[in-house]
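So you know, we letter chains A, B, ... as the sequences are listed, proteins then strands, and number each from 1.
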Protein chains: 2
Amino acid sequence: MATELDTVDKQILDLLHDEGRATYNDIGEELGITGNTVRRRMDRMREEGIIRKFTVMTDPAKLDYLTVAFGLSTEAGRTDDIAEEIAETDCVYKLWVLSGTHNIIFDARFEDTEHFQSFTHDVLHAVEGIASYESSIVTRSVIDDGSTVLMSDEEDAAEQTVASVED
Amino acid sequence: MATELDTVDKQILDLLHDEGRATYNDIGEELGITGNTVRRRMDRMREEGIIRKFTVMTDPAKLDYLTVAFGLSTEAGRTDDIAEEIAETDCVYKLWVLSGTHNIIFDARFEDTEHFQSFTHDVLHAVEGIASYESSIVTRSVIDDGSTVLMSDEEDAAEQTVASVED
DNA sequence: GTTGAAATGCTGTGTAC
DNA sequence: GTACACAGCATTTCAAC
């Protein structure tokens, strides 16, 4: 679990995070090392799975998608299976397994409301073990850095709710 | 709002989505066009805001972060201000404004539980207009494509809950 | 207005240090 | 971690559709 990332590695990731297509030389110049060194460190981090992938971030509003966030309450013991099953659906592009009342939350993208309805019918109502679900239209994405995991199988964090507060 | 993306543009985005550092020539070869055309289309999509940025996706487990998902209920009229305020915090790396009971959901990354506690105290308890909040540890990220918006100011989607079902 | 082809300067990649 | 050499890439220009 513990990782051996030094300051230079973290600086490289920071720069890549802002500009994923930056050249090795540009990154190296910024950090006072050669581009070749940057390349080898990036190769190493990719092999070690620290770097999962490089991707493009697009504006869903300009692509005319309807973005919906879902929260699921699942039967005990079925959570991981349900997560995998839902994650396989094309329109689901983010999915997390959580502690707390909603075991699974995920984001999906639909072309129209009909597409949304067929998803709830064909997927959510078809999967066994979903006690309840809620869904809300995402009206606005303020930030989404995309700097997270893809297909992680870690099972470390404690199974408990951190906090639940009413002011 | 409506956008003029043809099939080639969408194919370019699909390929970039999987491999954000793909060369223009590689993309062009895949689609049967020259790399030159790919570059000009990518430049155009970036100017039009369809492409927001290129980024690297890393594995938070390997970076030793504690990932926590929050759901906020805010006072009417304060939602956007609160969203902006929270989004400015360093450890918050995803934030959406929603319809429904939880107006704002966001993901934050903490170095340890102390960092988590100082965040809830200094940020969540300091901001006016937060009626209640919930937080859950993210035990597992099954997918996270990162293919979404950064700093969108669109305000189009209807302000209503799509569905809320109890089976 | 959009494309492909050629020219040039820069970048990525492997090898040696 | 750096230096070099070469193949490949990005970028500009220009002609053609």
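Within 4.0 Å of T23(B), counting heavy atoms only, lie sugar-phosphate atoms of the nucleic acid but no base atom.
Judged by distance alone, with hydrogens and angles left aside, the side-chain atoms of K53(B) form a donor-acceptor pair with the main-chain N or O of H17(A) at under 3.5 Å. With T89(A) contributing its side chain and V92(A) its backbone, the two residues share no donor-acceptor pair below 3.5 Å.
Ring planes of Y133(A) and H125(A): tilted class, angle from 30 to 60°.
Across the interface with DNA chain D, nearest-nucleotide mapping of R21(A) and I33(A) shows I33(A) to be the residue nearer the 5′ end. Positionally, the nearest nucleotide of DNA chain C for N25(A) lies more toward the 5' end than for the other of N25(A) and N36(A).
More than 12 non-hydrogen atoms from other residues, nucleotides or ligands lie less than 6.0 angstrom from CG of D112(A).
For T37(A), the side-chain atoms get nearest to dG1(D) when compared with the rest of dT13(C), dG1(D), dC9(D). Nearest to the side-chain atoms of T34(A) among the listed nucleotides dG12(C), dT11(C), dA3(D) stands dA3(D). Out of dT13(C), dT11(D), dG4(C), the shortest distance to the side chain of Y24(B) is found at dT11(D). Comparing dG12(C), dA10(D), dT3(C) against the side chain of R39(B) picks out dA10(D) as the nearest. For R41(A), whose side chain is taken as the heavy atoms from C-beta onward, the closest listed nucleotide among dG1(D), dG4(C), dA10(D) is dG1(D).
As a whole-Å value, the separation of I27(B) CD1 from dC9(D) C1' is 12 Å. Atom CD of E29(B) and atom P of dG8(D) are 11 Å apart (whole Å). The nearest whole Å value for the distance from the CZ atom in F54(A) to the P atom in dG12(C) is 12 Å. Across the protein-nucleic acid pair, R46(B) atom CZ and dT11(D) atom P stand 11 Å apart, rounded to whole Å. If you measure from atom CZ of R40(B) to atom C1' of dT3(C), you get 6 Å, rounded to the nearest angstrom. Here the P atom of nucleotide dG1(D) and the CD atom of Q11(A) are 12 Å apart, to the nearest Å.
N103(A) and T74(A) form a side-chain donor-acceptor contact under 3.5 Å, judged by distance and modelled atom types alone.
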